[in-house]
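Contents: one structure, followed by commentary.
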Amino acid sequence: MKKVFRDLKYVTFNRSINLIRLFISFWVSRLIRKPVHRGKPFAVSVEPGTTCTLHCPECPTGAGVLHRPKGRMSLDMYRQLIEELSPELTVLNLYLQGEPFMHPHLPEMIKLASEKNIYTITSSNGQVFDRNLAEKLVDYGLSEIYFSLDGVTQKTYEMYRKGGNIEKVKNAIKTLASVKKQKGKDHPMIVVQFIVFRHNEHEVDDFKTLAGELGADKTEIKTAQFNDFSGNEVAPPENKQYRRYVDKNRLLLKGRTYNHCWKSWMSLVFTWDGSALPCCYDKDGEYSFGRYSQDNFDDLWNGKKNMKFRSLILQRKNEIKICSNCPEGRNFFL
């Protein structure tokens with residue numbers, strides 16, 4: 001949110017009022033412990049598709065354990081969604097499961113959102129990237145992109161990014177940085193992230209150096225999410241600083257959890273087929289509120305299913321399966 005508001009062009013009157021309404025209703029709900037909701041989504045995540053070239057062991061897509069149907073969002077559905085939400089929508093994340101750039105129309109999707117003055121973010125494993133694509137991302141106004149680079153050598157990198165080539169990622173980052181410089185643009189912001197495991201935790205400092213040399217605007221050290229510690233191909237790091245769990249043997253998150261979640265008041269997730277989900281932790285769509293192609297948006301956003309979900313968050317969040325492994329709601333204020 002801070003990054004968005006640093007660039008005032010995204011902060012219209014309607015969007016500012018909408019954010020205030022969301023924030024007030026969020027705090028009123030917390031005080032009375034009943035869901036009150038006003039406003040439209042400040043942020044939305046859209047899944048371009050579920051296809052990926054890699055086989056990362058802790059990723060439902062890569063590990064082959066994603067249970068919901070696979071596919072690709074139609075450009076018509078996407079266009080309708082953006083058109084309807086754009087007056088209040090401020091941030092659009094174009095990723096969920098799968099590699100976004102496997103969608104043949106991703107640059108056009110970015111362009112449609114940018115033309116509506118929406119802050120657009122996507123991510124990539126850098127395996128299907130070339131100069132022509134880089135030029136489109138700059139020309140079409142992408143705001144921010146995350147590249148995954150979980151190692152400084154091919155040996156450590158491929159232990160998690162199975163099937164990936166580290167040189168392709170490095171070239172993707174360098175190419176995009178070069179195109180930005182050539183065109184005299186400061187967008188998209190290039191963020192290179194490093195998920196810390198036991199096998200690569202010794203490379204954190206070298207990663208920061210490498211990312212800077214490649215042209216990254218920012219680096220992000222990320223803790224790994226695990227679904228199970230038994231029989232995994234990768235393991236949590238020894239260093240507690242880089243671990244999101246209290247120890248190496250239990251899926252118990254650090255810190256205190258509160259009965260609230262700001263994301264459930266300000267954002268929504270859409271899978272490739274239009275299924276509306278509460279957040280990105282609902283990988284299999286177990287808590288779907290309905291489908292955009294079949295239901296009115298207001299019925300998805302403030303309908304009975306979503307309000308019931310918000311009510312459960314305020315009362316018994318620990319009973320919600322997807323919340324047990326999520327770090328959100330561990331800050332008292334948001």
So, taking the atom named CD in Glu135 and the one named OH in Tyr140, what distance separates them when rounded to the nearest 0.5 Å? 10.5 Å
Parallel under 30°, tilted from 30 to 60°, perpendicular over 60°: which one fits the rings of Phe207 and Phe194? tilted
Using modelled atom types and a 3.5 Å cut-off, is there a donor and acceptor pairing between side-chain atoms of Lys248 and backbone atoms of Glu238? no
Shared hydrophobic cluster for Val128 and Phe147 (ILVMFWY, side-chain gaps under 4.5 Å): yes
Lys181 atom NZ: more than 12 heavy-atom contacts under 6.0 Å: no
Ignoring hydrogens and angles, tell me if any N or O in the side chain of Gln154 forms a donor-acceptor pair with the backbone of Gly164 under 3.5 Å. yes
Charged tip of Lys40 within 45° of Phe42 ring normal and under 6.0 Å: no
Could you tell me if the side chain of Tyr245 sits less than 4.5 Å from the side chain of Asn325, heavy atoms only? yes
Is there a donor-acceptor pair closer than 3.5 Å between any side-chain N or O of Asn259 and the backbone N or O of Lys317? yes
Does Lys111 come within less than 4.0 Å of Glu108, counting only side-chain N to carboxylate O? no
Give the minimum heavy-atom separation between Glu201 and Val204, together with the two atoms involved. O-CG2, 3.4 Å
Work out which heavy atom in Ala276 is nearest to a heavy atom in Leu300; give both atom names and the distance. CB-CD1, 4.1 Å
Measure the CD1-CG distance between Ile190 and Leu142 for me, rounded to the nearest 0.5 Å. 10.0 Å
Does Lys162 use its side chain to pair, donor to acceptor, with the backbone of Gly62 at less than 3.5 Å? no
Answer yes or no: does atom NZ of Lys183 have more than 12 heavy-atom neighbours from other residues, nucleotides or ligands under 6.0 Å? yes
Please verify the inter-ring angle class for Tyr10 with Tyr119; under 30° counts as parallel, over 60° as perpendicular, anything in between as tilted. perpendicular
Indicate yes or no for a side-chain donor-acceptor contact from Asp206 to the backbone of Glu203 under 3.5 Å, with no hydrogens or angles considered. no
Apply side-chain contact (heavy atoms from CB on, under 4.5 Å) to Ala113 and list each qualifying residue two or more places apart in sequence or on a separate chain. Tyr78, Leu92, Ile118, Thr120
Residues at least two apart in sequence or cross-chain that pass salt bridge (charged side-chain N to carboxylate O under 4.0 Å, His left out) with Glu99, listed by chain then number, are none
Plane angle bin for Trp27 and Phe333 - parallel if under 30°, tilted between 30 and 60°, otherwise perpendicular: tilted
Around atom CZ of Arg72, are there more than 12 heavy atoms from other residues, nucleotides or ligands closer than 6.0 Å? yes
How about NZ on Lys305, more than 12 heavy atoms from neighbouring residues, nucleotides or ligands closer than 6.0 Å, or not? no
Taking all non-hydrogen atoms of both residues, which atom of Leu66 and which atom of Lys283 are closest, and how far apart? CD1-O, 3.4 Å
Is it true that Asp150 and Lys222 have a side-chain N and a carboxylate O under 4.0 angstrom from each other? no
Please determine whether side-chain contact (heavy atoms from CB on, under 4.5 Å) holds for the pair Lys9 and Asn117, giving the CA-CA distance in whole Å, both sets of side-chain angles, and the decisive distance to 0.1 Å. CA-CA 8 Å; Lys9 73 175 184 179; Asn117 197 32; 3.9 Å; yes
Shortest non-hydrogen contact from Lys136 toward Pro107: CD-CB, 4.1 Å
Name all pairs fulfilling the side chain to side chain donor-acceptor pair (under 3.5 Å) condition that reach into residues 263-277, sequence neighbours left out, sorted by first residue then second. Ser29-Trp265, Thr271-Asp273, Asp273-Arg291, Ser275-Ser288
Take the angle between the ring planes of Trp301 and Phe297 and call it parallel below 30°, perpendicular above 60°, tilted in between. parallel
Can you see which heavy atom on Met73 is nearest to which on Val46, and at what distance? SD-CG1, 3.5 Å
Hey, quick one: are Ile82 and Val269 part of the same hydrophobic cluster, counting side-chain heavy atoms closer than 4.5 Å, chains of contacts allowed? no
With a 4.0 Å cut-off, would you call Arg68 and Glu47 a salt bridge? yes
Step by step, work out the side-chain contact (heavy atoms from CB on, under 4.5 Å) result for Phe226 and Glu58. CA-CA 6 Å; Phe226 284 85; Glu58 289 300 317; 3.7 Å; yes
Transitively linked via ILVMFWY side-chain contacts under 4.5 Å: Leu334 with Ile313? yes
Which heavy atom of Leu94 sits nearest a heavy atom of Thr122, and at what distance? O-OG1, 2.9 Å
I'd like to know whether Gln193 forms a side-chain contact (heavy atoms from CB on, under 4.5 Å) with Leu149, so could you lay out the CA-CA distance, the side-chain angles of the two residues, the decisive distance to 0.1 Å, and finally the verdict. CA-CA 6 Å; Gln193 71 175 22; Leu149 184 61; over 6 Å; no
Is it the case that one hydrophobic cluster holds both Tyr292 and Phe309, taking links as side-chain heavy atoms less than 4.5 Å apart, direct or via other members? yes
Carefully, step by step, assess Leu137 and Val179 under the rule side-chain contact (heavy atoms from CB on, under 4.5 Å). CA-CA 10 Å; Leu137 297 183; Val179 170; over 6 Å; no
Examine distances only and state if a side-chain atom of Asn200 and a backbone atom of Tyr157 form a donor-acceptor pair shorter than 3.5 Å. no
Are Leu22 and Phe332 linked, directly or through intermediate hydrophobic residues, by side-chain heavy-atom contacts shorter than 4.5 Å (ILVMFWY only)? yes
